[in-house]
Amino acid sequence: MKTLCCLLVGILAIYGSFAVDRNNFKTCEQSGFCKRLRAQKPEKSQYSLDPKTVAVQGNTLVANVVTVDRETQPPKVLHKYVLKLSAIKDGTFRVEINEAEPLYPRYVPQLALVSAPVTDKLELVSSDDTKVIAANSQGHRVVITVDPLKIEFLDKSGESAVVLNENNQLFVEPLRKRKEAVEDETGQILEEDEEGTWGETFKSHHDSKPRGNEAISLDVSFPDADQAYGIPEHSDKVNLATTTSGEPYRLYNLDVFEYELDSRMAIYAAIPVMYAHGSKRSVGVFWHNSAETWVDVVNYADSNVVSSLVNLVTGGQKRKVDARFMSESGVLDVFVLMGDKPKDVLRQYTALTGAVPLPPKFSLAYHQSRWNYVDENDVASVDEGFDTHDIPADAIWLDIEYTNGKKYFTWDAEKFQHPAEMVSNLTAKGRKLVVIIDPHIKREAGYFLHEDATEKGYYVKNKDGKDYDGWCWPGSSSYLDFMDPRVREYYASLYRYENFAGTSKDVHIWNDMNEPSVFNGPEVTMLKDNRHYKSPEPGQEGISSFWEHRHIHNEYGLFHISATHKGMLERDDKKYRPFILTRSGFAGAQRYAAIWTGDNSAEWGFLAASVPMCLSLAIAGMSFCGSDVGGFFKYPDSELMTRWYQAGAYQPFFRAHSHIETKRREPWLYDAQTLSLIRDANRRRYALLDFWYTLFFEQTRDGLPVFRPLFVEYGDESEVLTIDNQHLLGDKMLVRPVLEKGVSSVQVYLPGARTRTVWYDVDTYQAYPADGYITVDTPISKIPVYQRGGSIIPRKERVRRSSALMAHDPYTLVVALDANNTATGTLYIDDGETYDYKNNKYIYAKLEYTQERMTYTYIDESATYPTGSWVERIVVAGIKTAPRSAKLLQGDSTTSLLMTLHKGNDVLVIRKPAANMAKPWKITFSY
Ligand SMILES: *[C@@H]1O[C@H](CO)[C@@H](O)[C@H](O)[C@H]1NC(C)=O
Ligand SMILES: *[C@@H]1O[C@H](CO)[C@@H](O)[C@H](O)[C@H]1NC(C)=O
């Protein structure tokens, strides 16, 4: 026995050292409210609406809702609520349910919405004792069943699209005063609050819950849905799984050391938006709540659900997804996005929470990071290494070791003696520096930031009102309370060049550990009964004068990055665009920062997970996403490293990063073949930078993710609904990175057969008419990437050291013809770093190709930019009849052009048209 026991322990210890320590993190069962809510049987809802109280105020319908005890006669009213239903512009509704007279104010997130939602006309269609019907101006109707309360949203054809409280899981737990335990004469307790109401313990951590329980819950049904998506960040597939026989999806920003794959455990970011898609429509819900949240999902098409839950009356397979949101606190506030196409629903979410702003162009290029480049010489030699090996790179990153003893806004005086000179050495090659700034502050006497924060009361407080003291990189640390506008103002000022020595417009910021991570806190984060700033309101004292960390947890990092963003804008009078990378995330974080998938590992599974993880974040607004190329922990072998660069080159945020204890792995430390393949992957990225930049610009206007799951464009093909090892860039490029070890071929699904779509392999211009799966050979040099027929993609093919040096380089325009021999594309050009584009200093142009002509015209006619770029080459793939001659017309001049035919005479190359991109032009063809 002894041997067996110890052998097992030994094996566990070995595996344990490579995997998440699950014991550190709660299951639903260990989270008081999740356990309580999940155990509530879906019985008849107690909630009913009083139709006599229905009133329309502006574009909001308001009515009283009550819970009643139906056992008593007449039924006794238990609690009063107010329901508000508002119509929001462009096909969205908002439903809010709060207590009519809460004992204390309940928290509503402050930064998630980009602005107060613009309302649409809401009309009360009818109201009687059983039903209230309202409509917006788009033709959507809302049918409210009075008792029990049920809210059904009908699409434009009158069919049920989203239903709230169909399963009677609506619950808004009233705030309460502590009950005195009532005992009878024998000491038996007759009446008492349920266990855990006033406190609960996880491991050694006690949460005092000073307001008692205050949970909320709501079920949302999506009739006709085949799949649901969203609610990142999790390490599992892009389509959501049925959770009935396991843990719900958890949304709680957490620093999970060595997080595991295929898991619904909470990790760094928590974005409570869910989409449901079926052949009839796409819809969504945005659960506007920043407290710890768990989400159960039931997809009736999942085989395990069919056997146990399927409705026997209808029989067979039912197309429907049910979800249930459960949050620890707050107001019930849910936005219903009516779609009805995938792009509509994604746009509706972006309209609420904002789009990714136009990033500085360098940030779309390649980033080289490591924990840590140890000193100035190391930075210089890595920088030099990229030149020596002819690999383009745009930024070198410094992790925590650059600071003086983990004191942010300082430098290690030995290792980084000349930060300003180090930065100007980088910028001389068009490169940038990105440095880490974390939210924890070292509690050290003499550290100006600690002294300021202590003196001014800027730290988050513990439950006793004292400065909270936790453990993080510097050891004993306190955490700035970014909810306080004075703290944000102060923090922003720290980024001023005069306050952060050595920085300039070419130094950008990485905000890590902002879940926040607290090494000795419960679940490696802050205690829920810690206290945050609350804007003072008359008459609110004691418990009402602060928010608990429980209320705002998922929004903490958002407050942090918003302060950094403000600081970076103000440091040069709002002239330059900031770049910030964040690890935590919440709805709206896309307005301030890019995100990466955190501390992954050099394993094939993590490479594969980078695609679905970033796809889920992208549809939740955070399109600017990537994973640590090569993996953070452990060491990638040549094959894994190569495949990771090849995948990363086609993901929005492209950065290599590694753990301090891993072997160094700059590209030239690998064998010659690997170095050459990494070089090739980076060059591919740089060749397409203007394409990426144009996609990001367009995303600021149309609100659609740059990095797209296939269902966004091809949602009527059922095969694509679960594909998450492929992705699209905009609607023009399809990528199927090789994510598997040792494979000599992969299957690639080419969508769009119904619309006669043709896909062109970007390496060979070989045309593949869309017809489902094809098999593609994948020697180590091959990245399966396809350009859609009907598109034009700009490329810059001269090799430079950084993107800045490519600004005026010439373009190669790749025209991929569709079945009608036409193609269109767009191009955005500006200075790549300032806000001058807001004053019309840019070019946003359209490229159009037909049999007769190719044109370059400005979409925004009042905008111009003095680019020196010109057209070096036009490649037309899929030519059926080659033109005999071509003429360029620009301004007053006409030039005859040289053309050659390649391949099986189906690739036409127009050589040196030399058209200037600062003015419109036209090429005419004759046959
Ligand atoms: C900057 O570059 C110069 C010239 O190569 C070099 O002498 C100097 O040491 C560099 N400075 C730093 C801080 O890297
Ligand atoms: C070709 O043109 C026709 C007529 O304009 C259009 O309906 C069809 O969708 C086009 N086909 C492709 C593949 O673009």
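All ligand and atom numbering here is 1-based and tracks the order in the structure.
Near E421, the atoms of ligand 1 lying under 4.0 angstrom from a non-hydrogen atom of the residue are 1 (C), 8 (C), 9 (O), 10 (C), 11 (N), 12 (C), 13 (C). Which parts of ligand 1 touch E376 is read off a 4.0 Å heavy-atom cut-off, strictly below it: atoms 13 (C).
In this structure, the side chain of Y714 does not engage the main chain of E719 through any donor-acceptor pair within 3.5 Å.
Within the 4.5 Å cutoff, the side chain of L734 has no heavy atoms near those of the Y749 side chain.
Between Y402 and F416, the two ring planes are perpendicular [angle over 60°; tilted spans 30° to 60°]. Using a 30° and 60° split on the angle between ring planes, H367 and W397 fall in the perpendicular class, above 60°. Using cut-offs of 30° and 60° on the angle between ring planes, the pair F500 and W411 is tilted.
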What are the atom names and distances for all N or O pairs under 3.5 Å between ligand 2 and the protein?
from: ligand 2; atom 1: 2 (O); to: N820; atom 2: ND2; distance (Å): 2.1
from: ligand 2; atom 1: 11 (N); to: N820; atom 2: ND2; distance (Å): 3.0
from: ligand 2; atom 1: 14 (O); to: D818; atom 2: OD2; distance (Å): 3.4

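For the pair K922 and Y856, the NZ or CZ position fails the cation-pi test of under 6.0 Å to the six-membered ring centre and within 45 degrees of the ring normal. By the 6.0 Å and 45° rule, K505 stacks over the aromatic ring of Y576.
An N or O contact shorter than 3.5 Å links N425 to ligand 1 by distance.
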